[in-house]
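Each remark here refers to the structure printed beneath this line.
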Protein chains: 2
Amino acid sequence: MKTIRSYKGCSCRAIDPELVESIKSEMPEDDFFQDISDRFRVLADPTRLKIVYALSLREMCVYDIANMLEMTQSAVSHQLRTLKQAKVVSFRKNGKMVCYSLVKCDIAKLFAMVSKQLAAEG
Amino acid sequence: MKTIRSYKGCSCRAIDPELVESIKSEMPEDDFFQDISDRFRVLADPTRLKIVYALSLREMCVYDIANMLEMTQSAVSHQLRTLKQAKVVSFRKNGKMVCYSLVKCDIAKLFAMVSKQLAAEG
DNA sequence: CAGTTATATGAACAGGTGTACAAACGAGAA
DNA sequence: TTCTCGTTTGTACACCTGTTCATATAACTG
């Protein structure tokens, strides 16, 4: 991300094709934006955020989480699958149970960052 | 976000209601998670990320953006509306044109942060 | 005034997402 | 083995989202 440069209006419909091309050439590939948006989407759901928050407090099994959130165990399992695929959580088998914990990654930092922003705004 | 504490299995179906309550009591209100997920959702779309990126380079009008992204002006306008409501972008009227620019806020930092993470992972 | 240009808005549609229900799986217990 | 418990998975459905098309608005031009 570079700094903002001044820009003197636009010719719009009769825009200079070379200018458009120059801007386009500065843009990363589509995959780049897709990957980043995918990463943000993981945290774009209240249920998943609750799970992430709870797991930041303590390791928990699926049924615990379901009870805490007053949700179906199935729904929680589906969301854990999403978080697992995104490598936000990891798990450890313990007999019949599966204990989930938060992978110490920057996603947790993202959460904390936005949460702090929100608090600052009031 | 507190640090992870060890947790010795769960009693699951016969879980101690007081334990569940104690975890619940440590959880913020629903609105908290809703607000944060809303904020992440704004960046959970490739098109909006492209716009944010482009506007970090230079101020642009709607038609410029549409040309650059090879998208309908209407589609771009709809997305700019979303970004405007989220206070990620601001605008300045210039005759018929409306020039959009990036509000210098932490959302741009989030973008940079995730983008950096992604690059580090390769 | 009418006509054009830049943008915004509303409706409709396809595709995606989160949840509940039901069934299946896997590991212990009897 | 059969049973139960914790979890996973498949399906269905309601809801949400992003785009397109068509129309509306707002500002400049002649």
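Chain letters run A, B, ... following the sequence lines, proteins first, then strands; residues in each count from 1. Keep in mind that this is a model prediction, so the values were computed, not measured.
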*If you measure from CD on A:Q34 to CG on B:D45, what distance do you get to the nearest 0.5 Å?*
8.5 Å
*Please state whether the phosphate of C:dT19, meaning OP1 or OP2, lies under 4.0 angstrom from any side-chain nitrogen or oxygen of A:T72.*
no
*Any N/O donor-acceptor pair, B:Q73 side-chain to C:dA8 base, under 3.5 Å*: yes
*Ignoring hydrogens and angles, tell me if any N or O in the side chain of A:S25 forms a donor-acceptor pair with the backbone of A:S22 under 3.5 Å.*
yes
*Between B:N94 (CG) and D:dA26 (P), how many Å, whole number?*
18 Å
_C:dG16 phosphate, OP1 or OP2, under 4.0 Å from A:R41 side-chain N/O_ = no
*Can you check the B:L69 CG to D:dT20 P distance for me, whole Å?*
11 Å
*Distance below 4.0 Å between B:Q79 side-chain N/O and D:dT19 OP1 or OP2*: yes
*Send over the distance from B:D38 CG to D:dC16 P, rounded to a whole Å.*
12 Å
_C:dA20 OP1/OP2 closer than 4.0 Å to side-chain N/O of A:S74_ = no
*Counting heavy atoms from C-beta on, name the nucleotide in C:dT7, D:dG6, C:dT19 closest to the side chain of A:M97.*
D:dG6
_Quick check: on DNA chain C, is the nucleotide nearest B:L80 upstream (toward 5') of the one nearest A:A75, or the reverse? Name the residue that is more 5'._
B:L80
*Expressed in angstrom and rounded to an integer, what is the separation of A:L49 atom CG from C:dG18 atom P?*
11 Å
_Ring-base stacking, B:H78 with D:dT19 (5.5 Å, 30° cut-offs)_ = no
_B:S77 side-chain N/O to B:S74 backbone N/O, donor-acceptor pair under 3.5 Å_ = no
*asked:* Between P on C:dG18 and CG on B:D30, what's the gap in Å once rounded to a whole number?
replied: 16 Å
*Check the distance between C:dT19's P and A:I51's CD1 and give it to me in whole angstrom.*
8 Å
*Is the distance from OP1 or OP2 of C:dA8 to the nearest side-chain N or O of B:Y100 less than 4.0 Å?*
yes
*Can you check whether B:R81 has a side-chain N or O nearer than 4.0 Å to OP1 or OP2 of C:dA8?*
no
*Just to confirm, is there a sub-4.0 Å distance from OP1 or OP2 of D:dG18 to any side-chain nitrogen or oxygen of B:T47?*
no
*Rounded interatomic separation in angstrom, taking NZ from A:K96 and C1' from C:dA30*: 12 Å
*Whether B:F91 and B:Y100 hold their rings parallel, tilted or perpendicular, with breakpoints at 30° and 60°*: tilted
*How long is the line joining CZ of A:F33 and P of D:dG18, in whole Å?*
16 Å
_Please check this pair: side chain of A:R41 against backbone of B:A44, looking for a donor-acceptor N/O pair closer than 3.5 Å._
yes
